[in-house]
Amino acid sequence: MVHRILVASYTNEIYTVEFEPEAPSLKLVSTVTVGHHPSWITAHPKDRSIVFTGVEQAEGKIAVLKYDEAGHGTVIGEIPSGGADPCSLLALGDELLIGNYSSGTFVAVPLAAEPPHLLADKTSTVQFSGTGPNKERQEASHPHQVIRHPTRDEVLVPDLGADKTRRLVREADGKWVEKGAVSYKAGSGPRHVAFHEDVLYTVLELTSEVSAHRFPPLPSEPTLLDTVSTMREPPPPPDSAYMLAAEILIPPPTASFPTPYIFVSNRNDPSPEGDTIAIFSPVSGDAPKIGYVAEVRSGLKHLRGMEFGGPDGRWLIAGGVHGGGVKVFERVDGGKGLKEVAALELAAPTGFLWL
């Protein structure tokens, strides 16, 4: 079975690639020009041929694309994002939720049946505020992800600028309201989160760490369980100062991979073998600490985004913004290892969507 994958980028384009797992290969199928830095993509919740992307610029935009059966995309509309530099989108139920990084705004736009499938005149906005001690990166609120809790009606927004993950719920009137937060040590810069059982895992970009919090339902407060480095042996100074953790993924257990693992990408490693993907075991009753499992050299430079896909989540696609293009890795050794199986040169890949 050939897998079709959309690739967001720090260019003006979104790519469509095909991955053939039988004799593993990646090939470029098509390219569509969208606008400046369409770095994040999300599918319509009811029609995966419709895709939304954020155009990262001061006057942020949301572009809407329609894909045909061959994987060729066409821009069918755009609306304002309600802020600056929309870096994360989530199409959820009857709304598109947007995190605007530079303006610190969380925006909800109702979905519509007719193109461009967004009701821009009914947008609602939540303005965040907050700062941290890193004057270059934490001078204001910077929401970096919008993600739904897998079992609760709760949306989480890691705020890199304010050192917290905000917890939002939708009120009876349809408006999103912040009802709580997960706080982190000053200057850590939470970027993305992932879930396993009743624990929230956060990748802390500015300190290159992963934290684990016991995460009960609101209004109860989370409890910090552990924090570990995303690198077993960080590079020595001055290179260590430029390391930035990026993505965190916890693929759900399957028949092929029954043991859960945490996957974290590290960026800006000076090694000629590229950035690392670190693999950890989650906390459990028998092991209340995050466990180091392995570290895989990716051959990618500035490994920003990665995503699991295929049957049983067997394949991991990842990209290097500053070099190495796009690569697909196969999960091996029960899921606690990765083996490169295919590669393709593409400019500045940032995110992925398996169709």
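What you see is a predicted model; the values in this text were computed from it and never measured.
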Query raised in the report: Is the shortest distance from a Lys or Arg side-chain nitrogen in Glu295 or Arg232 to a carboxylate oxygen in the other one below 4.0 Å?
Result: no
On the six-membered ring of [Y], is [X] placed so that its NZ or CZ lies under 6.0 angstrom from the centre and within 45° of the ring axis?
X: Arg267; Y: Tyr242; answer: no
X: Arg331; Y: Phe257; answer: yes
X: Arg166; Y: Phe128; answer: yes

Query raised in the report: Only one of Val193, Leu89, Leu90, Val157 forms a side-chain contact (heavy atoms from CB on, under 4.5 Å) with Gln145, so which one is it?
Result: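 Going through Val193, Leu89, Leu90, Val157 one by one, the side-chain contact (heavy atoms from CB on, under 4.5 Å) with Gln145 is satisfied by Val193 alone.
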Query raised in the report: Can the ring centroids of His149 and Phe195 be said to lie less than 6.0 angstrom from one another?
Result: yes
Query raised in the report: Mind checking whether Phe308 and Trp315 have ring centres under 6.0 Å apart?
Result: no
**Report entry** Audit row: Trp40, Glu56, side chain to side chain donor-acceptor pair (under 3.5 Å) steps and yes/no
**Finding:** CA-CA 9 Å; Trp40 191 279; Glu56 288 199 44; over 6 Å; no
Report summary line: For Thr350 and Pro38 the tightest heavy-atom approach is OG1-O, 4.5 Å
Return yes if a side-chain donor-acceptor contact under 3.5 Å exists between [X] and [Y], otherwise no.
X: Ser49; Y: Asp47; answer: yes
X: Gln57; Y: His36; answer: no
X: Thr33; Y: Glu13; answer: yes
X: Thr254; Y: Ser256; answer: no

Query raised in the report: Going hydrophobic residue to hydrophobic residue with side-chain gaps under 4.5 angstrom, can you get from Val199 over to Val210?
Result: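 Val199 and Val210: one cluster.
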Query raised in the report: With respect to Tyr184, which candidate in Asp163, Thr165, Asp159 satisfies the side chain to side chain donor-acceptor pair (under 3.5 Å) definition?
Result: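 Testing Tyr184 for a side chain to side chain donor-acceptor pair (under 3.5 Å) against Asp163, Thr165, Asp159 leaves exactly one candidate, Thr165.
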Query raised in the report: Is Gln127 reaching over with its side chain to a backbone N or O of Gly104, donor-acceptor style, under 3.5 angstrom?
Result: yes
Report summary line: Residues pairing under ring-ring contact (aromatic ring centres under 6.0 Å, His included) where one sits in residues 62-92, two or more places apart or in two chains, turn out to be none
Requested in this report: Quick one: pull up CD1 in Ile248 and OG in Ser265 and give me the separation to the nearest 0.5 Å.
Outcome: 9.5 Å
